[in-house]
Amino acid sequence: KYKCDYVCELGVDKGENFLNMIAHNPKVAVAIDSWIEDGVTSRNDGHHSQEELDNMYKYFKSSVQNKLFVQIIRDYTFNAVKQFSDDYFDFVYVDADHSAEACYIDIVNWYPKVKPGKFLVGHDYRRRFGVPSAVNKFIEENNLELIRFGHSNWAVIKT
């Protein structure tokens, strides 16, 4: 419906949301997650062990192995962003590090990667995370309109 042929998710976990995002078989779908237990709780809010994260990664890889349009990047979002040109994606879903500082950096870094008129979307717009303050700060600084949907999703349309 919205012609989202180039999509990306930051923070894939086991991939349930990613698989829903790509049900329409886009041209390119990029999945980015570190799947690393580095002691930063906001990046691993499920408190998974490294073994569990490795198993999530393996499970996710196997779930998309026949989808040739999927690219998996096992890295931090602030590193992976450097691989993409501005105005590349139709849809970027932000759900990685939930701290206010890191979420804000993801939004600032990934917003330019979205094509004008397309979507930067995210999850966990809830009080117990730093996401709302990061989103609100970015929206205010850039005079954008916040779109809320579902119980904790947010979106902006790139101007």
Side-chain angles (χ1 to χ4, degrees), residues 2 4-85 88-115 118-135 138 147-156:
Y2 297 105
C4 293
D5 288 327
Y6 292 80
V7 301
C8 177
E9 182 173 25
L10 315 178
V12 177
D13 202 44
K14 289 178 250 164
E16 293 99 344
N17 185 62
F18 187 81
L19 291 173
N20 287 330
M21 278 178 38
I22 66 167
H24 68 291
N25 293 322
K27 291 179 183 174
V28 174
V30 180
I32 302 169
D33 199 310
S34 63
W35 290 283
I36 295 171
E37 169 42 54
D38 59 4
V40 179
T41 303
S42 57
R43 284 197 277 256
N44 182 8
D45 53 16
H47 307 288
H48 300 290
S49 68
Q50 186 59 57
E51 181 180 1
E52 290 171 318
L53 292 166
D54 288 338
N55 287 335
M56 282 182 188
Y57 173 67
K58 289 175 192 169
Y59 174 81
F60 176 67
K61 271 180 56 173
S62 70
S63 71
V64 296
Q65 68 183 356
N66 295 326
K67 298 181 183 309
L68 302 180
F69 57 87
V70 172
Q71 176 187 0
I72 301 171
I73 300 174
R74 189 172 186 177
D75 199 352
Y76 295 112
T77 56
F78 52 82
N79 289 330
V81 71
K82 299 169 192 166
Q83 297 182 37
F84 301 96
S85 60
Y88 182 78
F89 291 104
D90 299 307
F91 186 96
V92 173
Y93 193 84
V94 180
D95 193 20
D97 191 322
H98 292 83
S99 70
E101 301 82 23
C103 182
Y104 179 76
I105 289 168
D106 275 345
I107 293 168
V108 167
N109 285 345
W110 288 90
Y111 183 77
K113 306 307 174 187
V114 177
K115 295 174 187 170
K118 296 299 185 174
F119 312 96
L120 182 70
V121 182
H123 190 236
D124 292 316
Y125 191 88
R126 297 185 272 184
R127 192 180 326 212
R128 72 182 185 112
F129 295 116
V131 175
S133 61
V135 172
F138 184 78
I147 301 165
R148 297 277 317 271
F149 61 100
H151 85 286
S152 65
N153 292 298
W154 61 271
V156 296

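Values below: all heavy atoms of this structure, side chains included; hydrogens, waters and symmetry mates excluded.
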Using a 4.5 Å cut-off on heavy atoms from C-beta on, say whether the side chain of [Y] contacts that of [X].
X	Y	value
Glu51	Glu37	no
Gln50	Ile36	yes
Asn55	Tyr59	no

| Worked check of side chain to side chain contact (heavy atoms under 4.5 Å, CB included) between Trp35 and Met56 | CA-CA 8 Å; Trp35 290 283; Met56 282 182 188; 4.0 Å; yes

| query | Are more than 12 heavy atoms from other residues, nucleotides or ligands located less than 6.0 Å from atom NZ of Lys14? | reply | no

| query | Is the number of heavy atoms from other residues, nucleotides or ligands under 6.0 Å of Phe149 CZ greater than 12? | reply |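 Enclosed: over 12 neighbouring heavy atoms sit under 6.0 Å from CZ of Phe149.
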
| request: Over 60° means perpendicular and under 30° means parallel, so classify the ring planes of Tyr2 and Phe119, tilted if in between. | output: perpendicular

If you measure from [atom1] on [X] to [atom2] on [Y], what distance do you get to the nearest 0.5 Å?
X	Y	atom1	atom2	result
Asp5	Lys27	CG	NZ	5.0 Å
Asn44	Ser49	CG	OG	8.5 Å
Glu101	Ser99	CD	OG	5.0 Å
His48	Asp45	NE2	CG	7.5 Å
Asp106	Thr77	CG	OG1	3.0 Å
Lys118	Tyr6	NZ	OH	12.0 Å

| Taking atom types as modelled and ignoring hydrogens, do the side chains of His47 and Thr41 form a donor-acceptor contact shorter than 3.5 angstrom? |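 The answer is no; no qualifying pair exists.
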
| request: Decide whether Asn20 and Glu16 meet the rule of one side-chain donor and one side-chain acceptor closer than 3.5 Å. | output: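 Looking only at side-chain atoms, Glu16 and Asn20 do not form any donor-acceptor pair under 3.5 Å.
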
| field | Residues Arg74, Asp54: salt bridge by 4.0 Å N-O rule | value |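 Here Arg74 pairs with Asp54 in a salt bridge, since their nearest N and O are under 4.0 Å apart.
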
Nearest heavy-atom pair of [X] and [Y]: which atoms, and what distance?
X	Y	answer
Phe129	Pro132	O-CD, 3.4 Å
Val131	His123	CG1-O, 3.6 Å
Cys4	Pro26	O-CB, 3.7 Å
Asp90	Val114	O-CG1, 4.5 Å
Val81	Asn109	CG2-O, 3.5 Å
Asp75	Ala80	OD2-N, 4.4 Å

| So Tyr76 and Val40, side chain to side chain contact (heavy atoms under 4.5 Å, CB included) or not? Walk me through it. | CA-CA 12 Å; Tyr76 295 112; Val40 179; over 6 Å; no

| message | Would Arg148 and Tyr125 count as a cation-pi pair here, with the cationic atom under 6.0 angstrom from the ring centre and within 45° of the axis? | response |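 No, Arg148 does not lie over the aromatic ring of Tyr125.
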
| said: Assess the residue pair Val30 and Ile73 against the criterion (side chain to side chain contact (heavy atoms under 4.5 Å, CB included)); give the C-alpha distance rounded to whole Å, side-chain angles, the decisive distance to 0.1 Å, and a yes or no. | reply: CA-CA 7 Å; Val30 180; Ile73 300 174; 3.9 Å; yes

| query | Are Asp33 and Tyr57 close enough, and set up right, to give a side chain to side chain contact (heavy atoms under 4.5 Å, CB included), and what steps lead you there? | reply | CA-CA 9 Å; Asp33 199 310; Tyr57 173 67; over 6 Å; no

| message | Counting the benzene-type ring for Trp, do Phe60 and Phe18 have ring centres under 6.0 Å apart? | response |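 They qualify: ring centres under 6.0 Å apart.
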
